[in-house]
Amino acid sequence: MTNFTSLELAQPILRAIKDEGYSTPTPIQGKSIPPMLEGRDLLGVAQTGTGKTAAFALPIINNLAKNGGKLRKFQPRALILAPTRELAGQISDSIRSYSRHMHISSAVVFGGVSIRPQIQTLSRGVHVLVATPGRLLDLMNQGYVNLDSIEVFVLDEADRMLDMGFIPDVKKITAKLPKHRQTALFSATMPQSIQGLADSLLNNPTRVEVAPAATTAEKVEQSVLFVAKDKKRDLLGDLMKNDDIGRVLIFTRTKHGANRVSRHLHESGINADAIHGNKSQNARQKALKGFKTGKLRALVATDIAARGIDVEGVTHVINFDLPNEPESYVHRIGRTARAGATGVAISFCDHEERAYLNDIEKTIRQAVPVFEEHPYHLAEIANDVNAKKPKRQQRRRPNQGNGQRRRKPKHNNRNRRKAA
Ligand code: AMP
């Protein structure tokens, strides 16, 4: 296994890595850092939780510092596009940490908050700009971001960009990038359309792939509890009596569902809050902070709001509702097995969700163990192995829940099934 010192990173970066407490590079870092330091294009098939942020951030900082050069106002030198504000915020925090011993400036821009302070920061000139697509386009259209000086471009979570209908915006942005540049594209999955996008953006890339979905799932102790829909809340209340559940992320399919579960927990004397797209940015940040500091024992979230949330020490993930997309299941349970840790994922499955469980088990290539010893266990759901998906779920319109402008779900069937 390589260590960081053999990766030829500058001393101030190695010091920052030490400050962070990282001792060895994760597999994606070991494979991505050398080609990126050489200036090569990269196609990374990896999901959040694998350490992919540092995999691109460290070489970017390293090379920017090495190249020197003057900063111009409104002309960043590196651009990182992320699908959600939470992820953009976390990438930006990481870049700030990794460059803390160097003169590298960075900024983050996303929608849902005032544009003025963002313009002010950009006017001072920054090395690295982290952005969500909608707000970046606004800034570009108003003349506050010019991409002519971009040396390196990262498209993070490309498959999520697709799910959220952001690809047309991404294409408008990439059309303005200089032809001569370094590009890295990261995606947890590689559907045909993302492969096509990668082909159009990357030049003879190094392909690195780590932890396919099934591997991540294997690290998590999973179980499924069959329960009637109207008994889920009681079941949750019952489970929460277990003190082993220290910090729990609870997933619901809808925003209203998240509010209801959070309220119910609160009424049962459990410190909980909800995080979803109908909440203001301030309320979301407050909830996230409360969860990170341990003030909240439970955070109830929808899929998109939880995307990229990186909180250490999540002991349990509870799927109050099963997701209708198997990949979301893998993303969700991955929240409790960060950077090598193990975790516990408990899923509630009612009659209507039985078919989703079948899909999930096919994707993770394993059967989720059934927990029968709870007072609400319903064997008839367990036995309904040929259950069909409810039609109404498939007709649902996308509800992106990230506070950014909505896109028409053009030619994208996956969008139709999504509800944040
Ligand atoms: P990411 O996949 O980039 O979201 O990173 C997931 C988590 O792993 C974050 O909390 C990082 O701080 C942490 N991390 C990244 N690289 C390492 C490393 N080499 N050793 C230990 N933890 C790491």
Side-chain angles (χ1 to χ4, degrees), residues 1-9 13-34 36-37 42 44-62 80-100 106 108 128 130 154-160 184-189 208-213 215-217 219-220 247 249 288-289 291-294 299 301 304-315 317 327 330-343:
M1 175 93 254
T2 39
N3 57 35
F4 281 110
T5 37
S6 68
L7 286 176
E8 297 186 34
L9 293 161
I13 298 184
L14 292 176
R15 258 170 56 214
I17 290 171
K18 207 165 160 204
D19 296 344
E20 286 297 297
Y22 304 168
S23 51
T24 41
T26 64
I28 187 89
Q29 291 163 4
K31 292 179 189 170
S32 307
I33 293 173
M36 282 209 65
L37 281 174
L42 191 97
V45 187
Q47 53 200 41
T48 300
T50 53
K52 71 180 160 64
T53 311
F56 61 77
L58 299 176
I60 289 178
I61 297 165
N62 190 90
I80 298 159
L81 275 188
T84 64
R85 353 180 208 196
E86 277 77 15
L87 184 62
Q90 281 170 14
I91 294 171
S92 164
D93 289 347
S94 298
I95 290 186
R96 226 159 267 163
S97 303
Y98 302 148
S99 61
R100 64 163 74 94
S106 57
V108 58
V128 186
V130 187
V154 177
L155 182 62
D156 199 12
E157 304 213 336
D159 52 353
R160 264 310 125 161
L185 184 149
F186 287 86
S187 195
T189 55
V208 296
E209 189 160 352
V210 295
T215 319
T216 306
K219 283 196 302 191
V220 181
R247 189 172 290 173
L249 194 51
L288 202 54
K289 192 165 166 221
F291 192 52
K292 277 185 176 167
T293 56
L299 186 67
I304 288 179
R307 191 70 201 149
I309 287 181
D310 180 21
V311 177
E312 297 202 354
V314 173
T315 59
V317 163
E327 281 164 13
V330 178
H331 283 302
R332 288 178 180 189
I333 70 170
R335 311 286 101 189
T336 180
R338 315 293 285 171
T342 50

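Ligands are counted one by one from 1 in listed order, and the atoms in each one are counted from 1 as well. Residues take their numbers from the sequence shown, with the count starting at 1.
- Annotation: Y98 places no N or O atom under 3.5 Å from an N or O atom of ligand 1; distance criterion only.
- Interatomic distance, T189 OG1 to E157 CD, rounded to the nearest 0.5 Å: 10.0 Å.
- T26 contributes a side-chain N or O that, together with a main-chain N or O of T50, makes up a donor-acceptor pair within less than 3.5 Å.
- Below 3.5 Å of separation, one finds no N or O of A54 facing any N or O of ligand 1.
- Checked by distance only, ligand 1 and S23 stay at 3.5 Å or farther apart across all their nitrogen or oxygen atoms.
- The CG atom of L9 lies 5.5 Å from the CD1 atom of I33; values are rounded to the nearest 0.5 Å.
- In this structure, T24 counts as a contact residue of ligand 1, since one of its heavy atoms falls inside 4.0 Å of the ligand.
- A distance-only check finds no donor-acceptor pair linking the side chain of D93 to the backbone of R96 [under 3.5 Å].
- Within the 4.0 Å heavy-atom criterion, the part of F4 lying near ligand 1 is the side chain and not the backbone.
- With a heavy-atom cut-off of 4.0 Å, Q29 touches ligand 1 through its side chain alone.
- Within the listing of ligand 1, atoms 1 (P), 2 (O), 3 (O), 5 (O), 15 (C) sit less than 4.0 angstrom from a heavy atom of G51.
- Rounding to the nearest 0.5 Å gives a distance of 14.0 Å between OH of Y98 and CG of N62.
- Atom numbering of ligand 1 starts at 1 in the shown order; those under 4.0 Å from a heavy atom of T53 are 1 (P), 3 (O), 4 (O).
- For the pair S6 (side chain) and N3 (backbone), a donor-acceptor distance under 3.5 Å is present.
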